[in-house]
Amino acid sequence: MSLIYFLFRQTLYFAIPLMIVALAGMFSERSGVVNIALEGIMIFGAFFGVYFIHFMQSSGAMSGMTLLFCALLVAGFVGGIFGLLHAFASVTLRADQTISGTALNMLAPAFGLFFAKTTLDGVSQVLFSNEFRITAVPGLSSIPVIGDLFFKNCYVTTLLGVIILIGSWFIMYKTRFGLRIRACGENPSAADAAGINVYRTRYISVIISGILGGIGGLIYVIPIATEFESDVAGYGFLAMAVLIFGNWKPWRIAGAAFFFGLMKTLSYSYTSIGFLNALNMPGVVYKLIPYVATLIVLIITSKDSQGPRASGVPYDKSSR
């Protein structure tokens, strides 16, 4: 039973940031802008979030949950700026969205390594202490089964992920703004004719995408490392697969994120799982599990996936 608890908690460490970043992609693509830059946004947000934690811990100016929440704000702000760059290229300049996103993906790790080496005496890794894990939540951790699953060795970011999921669903399907986002992604000309500012809606959506992507990047790094070297191991691209598998819908995205989070957990924790460890395969084989699972699932589900019809198509109001 302890193995099940361990695997579940580890799965949450991977699934929550994956879900948040996939939801980030949902906001952008639902408005009609393909956000290939999720990988770069994660790196950018994680780098500055970790850098902020490193600086504050080194100076002793801040610690604990206050430091974590401030770092999340920094990561979200920086991710929003990065998203703004993508929105400017995609919406204002009407550039190819794939090329724009790819360029930003190339910029993020290079900038992170350069900035780290310039400011940290030639060291590319940004070090920090993980002081954010909650050993046990008083009262709640004593609840049978649920306490062991959710309230022991946990992070407050898990709750934040649930709040983001519910908030994303509410905004997308229960608000006027969400209706405008979906209209701009399906038929921007009709949305424009109805009085919706397509450009502004897409800008806001991509910026929201950047904010969530930056937050997701930092949430990904904190539970699994104590250093960051401007790399999230392709997690942004995996989030795009989750977005497609989830059919651009919040609750399905959450289910897909949990599945891929479990695959990621198996790839990292195979030595703790008897039957996997007994196979005696090279470690790199286990590391491939989530990516092979991604390919298989996308092959199976690709026929049923239907993204926004205008996604990836720059909108030119003057051509109406």
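Small disclaimer: the values here were computed from a predicted structure and weren't measured.
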Least distance between heavy atoms, V221 atom then E227 atom: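 Closest pair (atom of V221, atom of E227, distance): CG1-O, 4.5 Å.
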side-chain hydrogen bond (donor to acceptor under 3.5 Å, both in side chains): which pairs involve residues 165-179, sequence neighbours left out?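 The answer is R30-Y173.
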With sequence neighbours left out, what residues match [X] under side chain to side chain contact (heavy atoms under 4.5 Å, CB included)?
X    : answer
A75  : L218
V74  : F48, F52, V78
L84  : Y203, I207
I204 : F177, R200, I208

Check: residues 133-147 side-chain donor-acceptor pairs under 3.5 Å, at least two apart:
from	atom 1	to	atom 2	distance (Å)
R133	NH1	N153	OD1	2.3
S141	OG	V137	O	2.9
S142	OG	G139	O	2.6

Verify, without hydrogens or angle tests, whether [X] (side chain) and [Y] (backbone) share a donor-acceptor contact under 3.5 angstrom.
X    : Y    : value
D192 : V198 : no
N130 : I222 : yes
E39  : N105 : no

According to the ring pair (Phe, Tyr, Trp, His ring centres under 6.0 Å) rule, which pairs have a member within [range], sequence neighbours left out?
range            : answer
residues 132-153 : F8-F150
residues 205-242 : Y220-Y235
residues 59-106  : F44-F82

With ILVMFWY side chains joined below 4.5 Å, transitively, what does I300's cluster contain besides itself?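 Hydrophobic cluster check, I300: joined to L288, V292, I296.
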Name the orientation class of the two ring planes belonging to Y199 and Y315 (parallel below 30°, tilted from 30 to 60°, perpendicular beyond 60°).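 Y199 and Y315: tilted rings.
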Return each pair, listed once, that meets salt bridge (Lys or Arg N to Asp or Glu O under 4.0 Å) where at least one residue sits in residues 151-160; pairs must be two or more places apart or across chains.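 Counting only pairs at least two positions apart or across chains, the salt bridge (Lys or Arg N to Asp or Glu O under 4.0 Å) contacts touching residues 151-160 are D148-K152.
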Sequence neighbours left out, cut at 3.5 Å: what donor-acceptor pairs do the side chains of residues 112-123 make with other protein atoms?
from	atom 1	to	atom 2	distance (Å)
T118	OG1	F114	O	2.6
T119	OG1	Y51	OH	3.0
T119	OG1	F115	O	2.7

